[in-house]
Each structure stands twice: as structure tokens, then as C-alpha cells.
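Every chain is numbered from 1 and lettered A, B, ... according to where its sequence line falls, protein lines coming before strand lines.
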There are 2 protein chains.
Amino acid sequence: MQNIKEQIRKGYQELTTRQKTVAKFVIGQPKTIALHSAQKIGELTETSETTVIRFCYALGYSGYSALQTEIRESLLNSDEEEGPLKNYRDTTGELIGENNLIQRVMEQDVAFIQQTLSSINNELFTKAVDLIIQAKKIVVVGFRTSYSLANWTSLTLNLIRGDTSLYRGPIDDADSIIMEMDEHWLVIAFSFPRYASETISFVQAAKTKGVKVLGISDDELSPIGLEANVLLKAITPQPSALNGMAAIFSLLKALTTGVAAADWPKVQDRVRTYDGQSGFEFHIPTTESWG
Amino acid sequence: MQNIKEQIRKGYQELTTRQKTVAKFVIGQPKTIALHSAQKIGELTETSETTVIRFCYALGYSGYSALQTEIRESLLNSDEEEGPLKNYRDTTGELIGENNLIQRVMEQDVAFIQQTLSSINNELFTKAVDLIIQAKKIVVVGFRTSYSLANWTSLTLNLIRGDTSLYRGPIDDADSIIMEMDEHWLVIAFSFPRYASETISFVQAAKTKGVKVLGISDDELSPIGLEANVLLKAITPQPSALNGMAAIFSLLKALTTGVAAADWPKVQDRVRTYDGQSGFEFHIPTTESWG
DNA sequence: AAAGGAATAAAGCGTAAGCTTCATTCTTCT
DNA sequence: AGAAGAATGAAGCTTACGCTTTATTCCTTT
């Protein structure tokens, strides 16, 4: 399967307009190819049998039959060799080796997500959501590894509720930002090993103005943990959080989803506005929209 | 499938000796039926094409084609019904009860990770790792949602192999960066909906200098997919990738782990140095840092 | 053991589906 | 705007595969 998709991707630009239509169809629903004739695919794609066959030639196949056979084989083989569920179950016997590296790494992430999930205190989580919803303005802060977390959180919260900004360190003027703060503001601080001192400094300075602090960390007793009004803890591999991003993002997604769910109509409205910007489409992309 | 097996079981006693041989074969490896002609099945069962066809009649089918079609459909449909795809269909606009929200969100992420895992082609993955290892210099690019991905990747790759920088958009001088490039450079480009046009422009400009491009996207046919030498696909919820970060980070972790594993002693050395640093002068790598 | 009958496989037939050709439409470039 | 060329789809051609017929083998029964 992957071979076929890869082949289509490589040759895509050389295809004609109608052939691109067929290409998208093949990638989108290979099963239909496996089960139906070239003529039928012509109908379904609103092209013609001929175009479908020529699409096969363009990809280097000897004809529709060849493509169909390969798709059938790959669909059925993948079924047999590596069902995703099966793979993820048998983590005990661990042969390392290049081959199943991806599998192991991802399984590890699944495990961290599940641990994080089970360690989350529901009451705390609700408090965190409330903090976000009720804040007048939000400032997100996080450096190094945590910067990507902060960046994403800022972006997403700005989309779903607005009034959120990202403090990016000395580039921004911390003093003037802090000056504006009051007790209705919220600072969301990310702090994972190795804990950046700038984060904690910023939070401490902000607290003098009475802001609320939502901390997200791997440890209740981390520097941020001690400063925060509410602390959400994500389980990550030690010592570095470099490898725990999946679990943290999963937690963040839960958080943002919680915020979104609490004020859904407003969020939908915002998303629509965002959507309308600059001619990009928010839904499944088609080549037409890519120009 | 179950229908077919049931049908065989019912009629089994009435079958002739050779037909029973065929019956056992069909139950044992229906996939082979799905993929091969009646003649071939005749050979494999050491009976004959004729017997295979008469076996179909005996079960009440109109012929071999009918049996084959039904087997194909049932094999592929079962794939569809209980596939993880179903899980994520109903998540988009639905209001979720507060109580199990965390759980549901995280389970969804687990599902996406598993899908990504099962859709990854090992060969492509290895190629991606090789590209990274063999590159002289690496530039990472990604905007909006993808910026956090790019940022993290840049940070991490710089740690484990060095010579990696992040292109942050017009802040950096794209022209002078691109000027330096040659065919030993690698550009890692992130592109998720809504696809930022800056990313594709940068990549296209870079390609004129002969650089290699590693694309990471949600769609083989996305703008980046078409430009990339190697494309890794992550499964994310549609329409936006906002909610698919966990799966993408999981993929990235696999990638970086792959790179690290390939040159482990050197990486360990680097990490020691990084940890030994006092203070926090390690900064987000930018193109300036080469100046 | 021989005859009748069922089961089987080889050979030939027919049809569905893939493929090719050609006329028409759409694009692009001057 | 017009001409040259590419892309497209309809109609006819070809082949592969399923199916039928027929000859052979194997089993059963007396």
C-alpha cells in the first residue's frame, strides 16, 4: 500500500488533471479499487474507464489489472502481517532492532499517555479549565523544550477563546507585560527538565501583581509546582522531557477541548472566522485549493 | 466471511472428497481465494479448476467469481468496520461530558498514534533517518500549528547530531540561507492544514539549490508531499491538525530516536555536554548562529 | 472381476473486463 | 483570435478467466 501511495506521490505532478482526480480517489479509497472494475472507477470519479487505465500507465503499471492486483495484495497482506492492535499489545517480548523501533517508541508514548490519563485528578482538571475560561487575559510561557508546548497552547487558546499571548523571553518586554497584569489575568507556565530559570522568574514576577498561575509540569515539587495555583502533572520519561511530548500534548488537547466544550458556540464562530482568512480551507484539502 | 464459513460448514457433508479439500483450503486461507484465479486454486489444492468451480456450485454460488467477490468484500469490509478510523469520526463537533472528557481525548490520541504506527512504511522511515544522518546541515521549517513541531525538531536534532537550524520565516533572511545550500543539505518541512504557503515557498526555493527534502505531513498529496524526497505521513483528525499533535510528536520521537540509535556514542557525548552546561545559554537555534 | 455410475480433469467456448484506436474537446502559446 | 498540441471519452478489439462439455479415472456393488 505504502509503495503505491509513494508511487502516486512521486508521479503526481506529471499527471493530467483528470488523472489527479483518479489519484486522489485511489489514495482515499483503495478498497474500492480492490473491489471494482476500471469502468466503475471511471464512473465513481466522474472521469472514464480510459482515463483510469491511462492513470495506471502514467504510474508505470502495465495496466489497471496490475494496479488492482497490487492494491489487493497490499491491503490483504497488511491485514495479515501487522494489525495495529496486535502490534501494540505484545510489548513484553522486546526485540530491539531497527525494524520495530517505530513500534516500540510509539508504544512507549501510548503507555505514557495512559499513565498521565490515570494520574490526572479530575477536580484539578476542572479547576484548570475554569481558570482558563474565566481569565481576562492569558500569557503563556515556556522555554527550550517547553517552548513548543507554550507556542502551541498560545496559538490554540487564542483560537478558541482569544486574548492569549505568548511570552517569548527577553525578546519581549517582560516588565511592560507584567505591569498590565492584575488578578484577573492567568499565566500558564510550562516547566520540564531541565527547568529553565527564566520561566520561574517570570512567574514569580507576575505573581506580585496577583495573577493566577496554571502550571504544567512533570513534578508537583518542581520549581513551578510550588508557585502554581493549579498544577497539572504529565508523566514523561526521565530525565528529559524531550521524549514525553506526546503525553503532554495529549494532556493539552484534553485541556483545550475542555475549554472549547465549555463554550462551544462561541468557539465555532471563532473557528469560522479563522477559517475565512487568506483563502485557505479548513477542511480536507483538495489539489484545487492548493493552486 | 462468517457467512461463507457458515455456508461451508452446513454443506460440508454433501461435498465430494476433492471438494472437501477445497473447502478446507477456503476456510484456511480465504485471502488466497481473494487474490488468485480458480485455476491457481486448483493447483494449490492439487485438485483442478473444474473441481473448484463445482465446489462453488455445491455451496449455492453462481460460480467462482461470486464466491471470490463475496470473500473479497467480507475481508475488506471487516477491515473497515472495526478499524480505528471509526473512532475518530464522531469526535469533531460533539459536546463531551466533562467527566470522561480526559479519558476520551486521550484514548483518541492513542488511536491516532496506533494508526500512524500502522501506516508507517519501514523502508521510508529508514530513508528518512538516513537523510538526517547524512546531511551536512539541516534546516527545519514549519509555521502556525507546525511551528511547535519545527521548533522541537530543530532543538532535538541540534542536540543529537548538531548543525541544525530553524527557519522562522521572514524574521530570518531566507535568501542568504538558501544561498549557502547545496545538495548535501537537508530541509525538514512540516505541513499540516491549514497549509502555510510560506513553507512551500521556502521549500521550492531551497530545491533550486538541490537540497534534499524530508516532508512531514498528514497527506501524501499535500503541497509538501509533492515536493518532498521522502514523506512521512502522520494520521491526524480532520480538518485541523491542532488535535493531532500527540501522534505527530510520537512520530518525531521515533525519528529522532532512530537518528540517535544510529550514532549512539556520539549522541551520549553531546548530551553530557548539554547537561553539564551551567545556566541556560542554550538557545533556540537559528540561522544566525552560523553567521 | 466386471459393469455401472459418480467424480475428476483436460480441452474448448463464451463473456466480461481490460486495452487500443480515433474522433472530439479543451489548453496553451504565439 | 487562431492554430498546434495535449487530454479526454466513445466505440471497437483482444485477452484472460470463468464456465461447459466431454473423455478418463476411480470407486462401488453384485
Side-chain angles (χ1 to χ4, degrees), chain A residues 4 7-8 11-26 29-73 75-76 286-288 290-291, chain B residues 4 7-8 11-26 29-76 221 226:
Chain A
I4 294 160
Q7 205 145 352
I8 292 177
Y12 190 77
Q13 274 160 331
E14 322 305 324
L15 297 176
T16 68
T17 317
R18 315 286 282 205
Q19 283 172 6
K20 283 177 186 166
T21 311
V22 178
K24 279 185 276 180
F25 186 88
V26 173
Q29 26 183 324
K31 275 165 208 161
T32 311
I33 308 291
L35 294 174
H36 299 284
S37 70
Q39 192 180 43
K40 186 86 192 180
I41 303 304
E43 284 172 30
L44 292 171
T45 55
E46 295 186 331
T47 61
S48 70
E49 187 192 359
T50 318
T51 301
V52 172
I53 291 171
R54 277 203 277 255
F55 160 79
C56 300
Y57 293 152
L59 257 58
Y61 289 93
S62 71
Y64 181 76
S65 314
L67 176 76
Q68 194 182 39
T69 302
E70 195 166 322
I71 287 180
R72 276 174 186 159
E73 280 172 359
L75 284 177
L76 292 174
T286 65
T287 44
E288 282 73 33
W290 303 335
Chain B
I4 295 160
Q7 206 145 351
I8 292 176
Y12 191 77
Q13 294 306 336
E14 320 305 321
L15 296 177
T16 68
T17 318
R18 313 286 280 205
Q19 283 173 5
K20 282 177 186 166
T21 311
V22 178
K24 278 185 270 181
F25 185 88
V26 173
Q29 24 184 325
K31 275 164 208 161
T32 311
I33 308 292
L35 294 174
H36 300 285
S37 70
Q39 192 181 42
K40 186 85 192 182
I41 303 303
E43 284 173 31
L44 291 172
T45 54
E46 295 186 330
T47 61
S48 71
E49 187 192 357
T50 319
T51 301
V52 173
I53 290 171
R54 276 202 279 256
F55 160 79
C56 299
Y57 293 152
L59 289 181
Y61 287 94
S62 71
Y64 181 75
S65 312
L67 175 75
Q68 194 182 38
T69 302
E70 195 164 322
I71 287 180
R72 274 175 186 160
E73 279 172 356
S74 65
L75 285 177
L76 291 174
L221 299 181
L226 300 174

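Counting heavy atoms from C-beta on, the side chains of B:Thr69 and A:Leu35 never come closer than 4.5 Å.
The two atoms that bring A:Tyr61 and A:Glu70 nearest to each other are CE2-OE1, 3.2 Å, heavy atoms only. Closest approach of A:Val26 to A:Phe55, counting heavy atoms only: CG2-CE2, 3.8 Å. Of all heavy-atom pairs between A:Tyr64 and A:Ala38, the closest is CE2-N, 3.4 Å. In plain terms, the two heavy atoms of B:Ala34 and A:Leu76 that are nearest each other are CB-CD1, 3.7 Å. Heavy atoms only, all atoms of each residue included: A:Leu59 and A:Gln7 are closest at O-NE2, 3.2 Å. Heavy-atom minimum distance, B:Leu15 versus B:Ala58: CD2-CB, 3.6 Å.
Whole-Å rounding puts the B:Lys20 NZ to C:dA7 P distance at 11 Å. Rounded to whole angstrom, the span from the CD1 atom of A:Ile53 across to the P atom of C:dG18 amounts to 7 Å. We find that CD of A:Gln68 is positioned 13 Å from C1' of C:dA16, with the value rounded to whole Å.
Proximity of residues 55-62 of chain B to DNA chain D (heavy atom under 4.0 angstrom from any strand atom) is restricted to B:Tyr57, B:Ser62. Of the residues in residues 33-43 of chain B, those with a non-hydrogen atom less than 4.0 angstrom from any atom of DNA chain D are B:Ser37, B:Ala38.
The overall bend of the helix from C:dA1-D:dT30 to C:dT30-D:dA1, read as the angle between its terminal helix axes built from five base pairs each, is 30° when rounded to 10 degrees.
In this structure, the separation between CD1 on A:Ile33 and SG on A:Cys56 is 8.0 Å, given to the nearest 0.5 Å. Note that the CD atom of A:Gln68 and the CZ atom of A:Arg72 stand 3.5 Å from one another [nearest 0.5 Å]. Note that NE2 of B:His36 is 6.5 Å distant from CD of A:Glu73, once rounded to the nearest 0.5 Å. Rounded to the nearest 0.5 Å, atoms CG (A:Leu67) and CD1 (A:Ile4) are 6.0 Å apart.
The side chain of A:Thr16 contributes an N or O atom lying less than 4.0 Å from OP1 or OP2 of D:dT8.
Applying the side-chain hydrogen bond (donor to acceptor under 3.5 Å, both in side chains) rule to B:Gln39 yields no partners; only residues at least two apart in sequence or on another chain are considered.
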All N/O donor-acceptor pairs, side-chain side in residues 40-50 of chain B, below 3.5 Å, sequence neighbours left out:
residue: B:Thr45; atom: OG1; partner: B:Ile41; partner atom: O; Å: 2.8
residue: B:Thr45; atom: OG1; partner: B:Gly42; partner atom: O; Å: 3.2
residue: B:Thr45; atom: OG1; partner: B:Thr47; partner atom: OG1; Å: 2.8
residue: B:Ser48; atom: OG; partner: B:Thr50; partner atom: N; Å: 3.4
residue: B:Ser48; atom: OG; partner: B:Thr51; partner atom: N; Å: 3.3
residue: B:Ser48; atom: OG; partner: B:Thr51; partner atom: OG1; Å: 3.2

Nucleotides 9-14 of chain C: which of its N/O atoms have a protein N/O under 3.5 Å away?
residue: C:dA9; atom: OP1; partner: B:Arg18; partner atom: NH2; Å: 2.3
residue: C:dA9; atom: OP2; partner: B:Ser48; partner atom: N; Å: 3.3
residue: C:dA9; atom: OP2; partner: B:Ser48; partner atom: OG; Å: 3.1
residue: C:dA9; atom: OP2; partner: B:Thr51; partner atom: OG1; Å: 2.9
residue: C:dA9; atom: N7; partner: B:Arg54; partner atom: NH2; Å: 3.4
residue: C:dA9; atom: N6; partner: B:Arg54; partner atom: NH2; Å: 3.3
residue: C:dA10; atom: N6; partner: B:Thr50; partner atom: OG1; Å: 3.2

